[in-house]
Amino acid sequence: MFFDKRSMQSNLECFLECTTPVVQSQFLHKSEIRDLNVLWHPWEREKVEYFTLGDLWNCYDEWSAYGAGVPILLNSNETLVQYYVPYLSAIQIFTSNSARNSFREETESGDCETRDSFSDSCSDESESEKLCRWDGFSSEEGGLEQESLWPRSDRLGCLYFQYFERLAPYGRVPLMDKINGLAQRYPGLMSLRSVDLSPASWMAVAWYPIYHIPMGRTIKDLSTCFLTYHTLSSSFQDMDLDDDMDGNEKKKRKEGEGISLPPFGLATYKMQGHVWVSSKSGRDQERLMSLLSVADSWLKQLRVQHHDFDYFTGIRRG
């Protein structure tokens, strides 16, 4: 049942849990472990668990079609299930030069709504001197317009793909449909593995409410929209992004159970009332501010202008 474990969770915690993808995992062959980038994977271990991007998108398949159900406890102690549809808001995938080159031939032919820019990225200089140049390709929906010359550390990697959505919500297609379209030109969006990606790889998912069950009531507090940020690299796999959760809320993942990608950052839009912020301990408000701050710092560190983030936070400030 949806509400069996609600007694210890706030509505915000429940939303974050219900929209966190748990990706089917695989184990890297022992012969491949020694070939991993030591800067991205500095820990020595006998087993390395990873996922493919294709398996990640599968987590969003049903959510894209029907919405992700989030059980909500209202102030009147009534309960309902609010459904949210995910949309790809932004994504940047940085990988190694060798992994990127394996897809270059396919990405340099044909037409696409996005244009790549690694025709002159990543030279053959020494590892410490390499610069990765990219001009932030755009699409019909938009993207980064300014040209950038990135001082590339080895940890950053080479940009394989990026996308920034700028259409209004009603003009977008659900995440799975968007990915399927982009993957026709960028096959790495399906086949790249989390161990192939640098720690700078990330995505943002916009969640918009569609309906709730039982229906028949208009609840203003449930018009809130969310923007969740997720890392894509295995470099963060051993890090606990839920350190701010109570001990009884944490669940230690067992080997082979799948890899969870909880959001490291969050922004909200139209958050009103007390449905999402519990007044019992002030913990929800602290967590919201912390996740918002981390998302802001991440974008600044990568020198990225994220349209949805600016819109969500700009409206709140304005």
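FYI, side chains are in, hydrogens and waters are out, and symmetry mates aren't considered; it's all heavy atoms of this structure.
For the pair T20 (side chain) and L16 (backbone), a donor-acceptor distance under 3.5 Å is present. Side-chain atoms of Y160 come within 3.5 Å of backbone N or O of G188 as a donor-acceptor pair. Of the possible polar contacts, none joining the S234 side chain to the Y50 backbone as a donor-acceptor pair under 3.5 Å is found. In this structure, the side chain of S201 engages the main chain of S198 through a donor-acceptor pair within 3.5 Å. The closest donor-acceptor contact from the side chain of S293 to the backbone of M289 lies at 3.5 Å or more, if one exists at all. Of the possible donor and acceptor atoms, one in the side chain of H230 sits under 3.5 Å from a partner among the backbone N and O of L261. Listed for the R172 side chain is no donor-acceptor partner under 3.5 Å among the backbone atoms of Y87. Judged purely by atom type and a 3.5 angstrom limit, S64 uses its side chain to pair as donor or acceptor with the backbone of M176. Of the possible polar contacts, one joining the W57 side chain to the L53 backbone as a donor-acceptor pair under 3.5 Å is found.
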Take S290 and R287 through the side chain to side chain contact (heavy atoms under 4.5 Å, CB included) test and state the conclusion after the steps. CA-CA 5 Å; S290 174; R287 194 171 190 193; 5.6 Å; no

Let's go through L266 and L288 carefully: what are the C-alpha distance in whole Å and the side-chain angles of both, what is the deciding distance for side chain to side chain contact (heavy atoms under 4.5 Å, CB included) to 0.1 Å, and is it a yes or a no? CA-CA 7 Å; L266 177 74; L288 281 170; 3.6 Å; yes

Could you walk me through whether T228 and W207 satisfy the side chain to side chain donor-acceptor pair (under 3.5 Å) test, starting with their C-alpha distance in whole Å, then the side-chain angles of each, then the deciding distance to 0.1 Å, before giving a yes or no? CA-CA 8 Å; T228 58; W207 299 88; 3.0 Å; yes

Can you list the steps and then say if Y269 with Y311 is a ring pair (Phe, Tyr, Trp, His ring centres under 6.0 Å)? CA-CA 8 Å; Y269 175 58; Y311 186 81; 5.4 Å; yes

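For the atom pair T224 OG1 and W276 CH2, the distance stands at 6.5 Å (nearest 0.5 Å). Note that NZ of K270 is 12.5 Å distant from CG of L222, once rounded to the nearest 0.5 Å. Here the CD1 atom belonging to I93 is positioned 11.5 Å from the OG atom belonging to S233, to the nearest 0.5 angstrom. Rounded to the nearest 0.5 Å, atoms CG (L197) and CH2 (W202) are 14.0 Å apart. Atoms CG and OG1, from D55 and T52 in turn, are 3.5 Å apart once rounded to the nearest 0.5 Å. Rounding to the nearest 0.5 Å gives a distance of 12.0 Å between CG of D61 and CD1 of I179.
Taking hydrophobic clusters as Ile, Leu, Val, Met, Phe, Trp and Tyr residues chained together by side-chain heavy-atom distances below 4.5 Å, M271 shares a cluster with V205. Note on M190 and L88: same hydrophobic cluster, where clusters join Ile, Leu, Val, Met, Phe, Trp and Tyr whose side-chain heavy atoms are under 4.5 Å apart, directly or indirectly. Tracing side-chain contacts under 4.5 Å through hydrophobic residues (I, L, V, M, F, W, Y), one reaches L227 starting from V304; they form part of the same cluster. Under the 4.5 Å side-chain heavy-atom criterion for ILVMFWY residues, a single connected hydrophobic cluster contains both L302 and V294. Cluster annotation: F94 is connected to F264 through the hydrophobic network of ILVMFWY side chains, with a link wherever side-chain heavy atoms come within less than 4.5 Å.
A salt bridge links R193 with D196: the distance from a Lys NZ or Arg NE/NH1/NH2 to an Asp or Glu carboxylate oxygen falls below 4.0 Å. Using a cut-off of 4.0 Å between Lys/Arg side-chain N and Asp/Glu carboxylate O, R166 and D310 are scored as not salt-bridged.
Listed by chain and residue number, K300 satisfy the salt bridge (charged side-chain N to carboxylate O under 4.0 Å, His left out) test with D296 (two or more places apart in sequence, or in another chain). Taking the side-chain contact (heavy atoms from CB on, under 4.5 Å) definition, one finds that Y66 meets it with E62, sequence neighbours left out. Partners of L74 according to the side-chain contact (heavy atoms from CB on, under 4.5 Å) rule, which considers only residues two or more places apart in sequence or in another chain, are I72, S76, E78, L80, R217, I219, V275.
E165 and S89 form no side-chain donor-acceptor contact under 3.5 Å, judged by distance and modelled atom types alone. Between the side chains of Q9 and E17, at least one donor N or O lies within less than 3.5 Å of an accepting N or O.
Aromatic ring orientation, F226 versus F15: parallel (interplanar angle below 30°, classes split at 30° and 60°).
Checked options L192, T95, L189; the residue passing with F161 is L189 (criterion: side-chain contact (heavy atoms from CB on, under 4.5 Å)).
Closest approach of A90 to F164, counting heavy atoms only: CB-CD2, 3.6 Å. Of all non-hydrogen atoms in W298 and P199, the two that sit nearest each other are CH2-O, 3.3 Å. In this structure, P21 and Y60 approach most closely via the heavy-atom pair CG-OH, 3.4 Å. Scanning all heavy atoms of the two residues, the minimum distance from V85 to G67 falls at CG2-CA, 4.2 Å. Annotation for A295 and F309: closest pair CB-CE1, 4.0 Å, computed over non-hydrogen atoms. Considering all non-hydrogen atoms of both residues, L232 and S194 come closest at O-CB, 3.5 Å.
Between Q92 and M203, every side-chain heavy-atom pair lies at or beyond the 4.5 Å cut-off. The shortest side-chain heavy-atom distance between V70 and V81 does not fall under the 4.5 Å cut-off.
The six-membered or imidazole ring of H306 lies near that of Y229, with a centre-to-centre distance under 6.0 Å.
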